[in-house]
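Here the structure comes first, spelled out in structure tokens, and everything after it is commentary.
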2 protein chains.
Amino acid sequence: MKKEKTAEDYMRLALREAEKARQMDEVPVGAVIVKDGAVIARAHNLREKNQQASAHAEFLAIQKASKKLNSWNLSDCDLYVTLEPCMMCTGAISLSRIHHLYYGTEDPKGGATVSRVQVKQIPHIGVYPKELTGGILKEECAEILTSFFREKRALTKQK
Amino acid sequence: MKKEKTAEDYMRLALREAEKARQMDEVPVGAVIVKDGAVIARAHNLREKNQQASAHAEFLAIQKASKKLNSWNLSDCDLYVTLEPCMMCTGAISLSRIHHLYYGTEDPKGGATVSRVQVKQIPHIGVYPKELTGGILKEECAEILTSFFREKRALTKQK
């Protein structure tokens, strides 16, 4: 019998997406969307390549999942993202009615799920995601970001 | 000499976009983006047609403007939208660094600019929009929404 996947397994797939972003010199954040145990969308941050402020990993994953299901309503889906979503993405998660949001590491500066804004405490908007779990593979999700920015700073100093 | 356009003039163009949405049986919200006095993007709500939770008027307008300017950074642009932006759109406005946000009527239920969330009070996220003005053609912007939902309710009762 096939072993059921854990939240960590799905977050590892999101981390692979983050790694793709890193290789493109994009801030390394990745996301996957899961329905009935199957990954139906995966995406990574593409802000610089696309020149779109909205090209965040979880945002692109939501767009892909809606396209695949031909529905804006993703209430049967869970979302895994390596970094706590920003205000835009938290709003998109709420509007698309994602069931369970799992994130890796917190974003104290721009996070709008638990850091700058506590989404579950906002009436109406906070109805979705229904469930919210942070800290999945927290260290790996934080490390890929920290090392990216460490390298950036080192390069800037060299110049 | 050509008379300079006022905020009301641009909001009237956003209202025309809202009217296009109404004719498609979409919730009637419209938006335009202005740079150096010229309208560079216009859009209306297309959630049902596109089956994307993110297909809000101002959100689509931001994507169009970034495509046109080939830049995610819209710090030279102003945005006019008939309804107070939701959390997703307020986040997108912040990320794309819109200079001045003008909205028509408030959204007490889902608005995340002044209603449910007061964006200018959030450190870091609230840096943009730099300026925020509500209540431009407030009555017209509210009326198109009220009459849309009044008709919807009447139709539901008939069924």
Side-chain angles (χ1 to χ4, degrees), chain A residues 26-27 45-56 58-75 77 79 84-98 107-113 115-128, chain B residues 26-27 45-56 58-75 77 79 85-98 107-113 115-129:
Chain A
E26 299 271 2
V27 173
N45 177 33
L46 285 172
R47 187 180 76 160
E48 300 305 324
K49 181 173 177 279
N50 291 7
Q51 285 298 314
Q52 290 283 354
S54 59
H56 284 185
E58 63 273 55
F59 193 89
L60 296 174
I62 287 172
Q63 287 190 318
K64 281 185 183 179
S66 282
K67 199 171 177 185
K68 193 155 189 169
L69 302 177
N70 192 32
S71 173
W72 61 258
N73 187 329
L74 303 178
S75 53
C77 299
L79 191 153
E84 179 194 350
C86 73
M87 190 163 172
M88 174 188 72
C89 292
T90 304
I93 287 161
S94 161
L95 292 173
S96 59
R97 304 190 183 172
I98 290 285
D107 180 1
K109 204 172 154 195
T113 300
S115 294
R116 291 287 194 199
V117 177
Q118 294 75 45
V119 71
K120 292 301 291 171
Q121 286 173 33
I122 309 175
H124 184 68
I125 297 173
V127 174
Y128 297 95
Chain B
E26 298 272 3
V27 174
N45 177 34
L46 285 172
R47 187 180 76 160
E48 300 306 323
K49 180 172 178 278
N50 290 7
Q51 285 297 312
Q52 289 284 354
S54 59
H56 284 186
E58 63 274 54
F59 194 88
L60 296 174
I62 287 172
Q63 287 189 319
K64 281 184 183 180
S66 282
K67 200 171 176 183
K68 192 154 189 172
L69 303 177
N70 193 32
S71 174
W72 61 259
N73 187 328
L74 303 177
S75 53
C77 299
L79 191 153
C86 73
M87 190 163 173
M88 175 189 71
C89 292
T90 304
I93 286 161
S94 161
L95 291 174
S96 59
R97 303 189 184 172
I98 290 286
D107 180 3
K109 205 172 154 195
T113 299
S115 294
R116 291 289 194 197
V117 177
Q118 294 76 45
V119 70
K120 292 300 291 171
Q121 286 173 35
I122 308 175
H124 185 67
I125 297 174
V127 175
Y128 298 94

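Just so we're on the same page: letters track the sequence lines, and every chain starts at 1. The analysis underlying the following values was restricted to heavy atoms, covering all of them including side chains, and did not include hydrogens, waters or symmetry mates. Just so we're clear, the structure is a prediction, and the values are computed from it rather than from any experiment.
- Your options are Q51(A), H124(A), E48(A), K109(A), and the one with the most heavy-atom pairs under 4.5 Å with chain B is Q51(A).
- The residue among H56(A), Q63(A), M88(A) with the most heavy atom pairs within less than 4.5 Å of chain B is M88(A).
- Test D107(B), L79(B), I98(B), I93(B) against P85(B) for side-chain contact (heavy atoms from CB on, under 4.5 Å) and you get one pass: I93(B).
- The line from CG of N50(B) to CG of N45(B) is 9.0 Å long, rounded to the nearest 0.5 Å.
- Comparing G110(B), C86(B), A112(B) by how many heavy-atom pairs each has under 4.5 Å with chain A, the most go to G110(B).
- Looking at L69(A), there are no atoms closer than 4.5 Å to chain B (heavy atoms on both sides), in backbone or side chain.
- A distance-only check finds a donor-acceptor pair linking the side chain of S94(A) to the backbone of I125(A) [under 3.5 Å].
- Between the side chain of E58(A) and the backbone N or O of C89(A), no donor-acceptor pair lies under 3.5 Å.
- For a residue to count as touching a neighbouring chain, one of its non-hydrogen atoms must lie under 4.5 Å from one of that chain's; by this rule A65(A) does not touch chain B.
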Item checked: Verdict with reasoning, K49(A) to E26(A), per side chain to side chain contact (heavy atoms under 4.5 Å, CB included) -> CA-CA 8 Å; K49(A) 181 173 177 279; E26(A) 299 271 2; 3.4 Å; yes
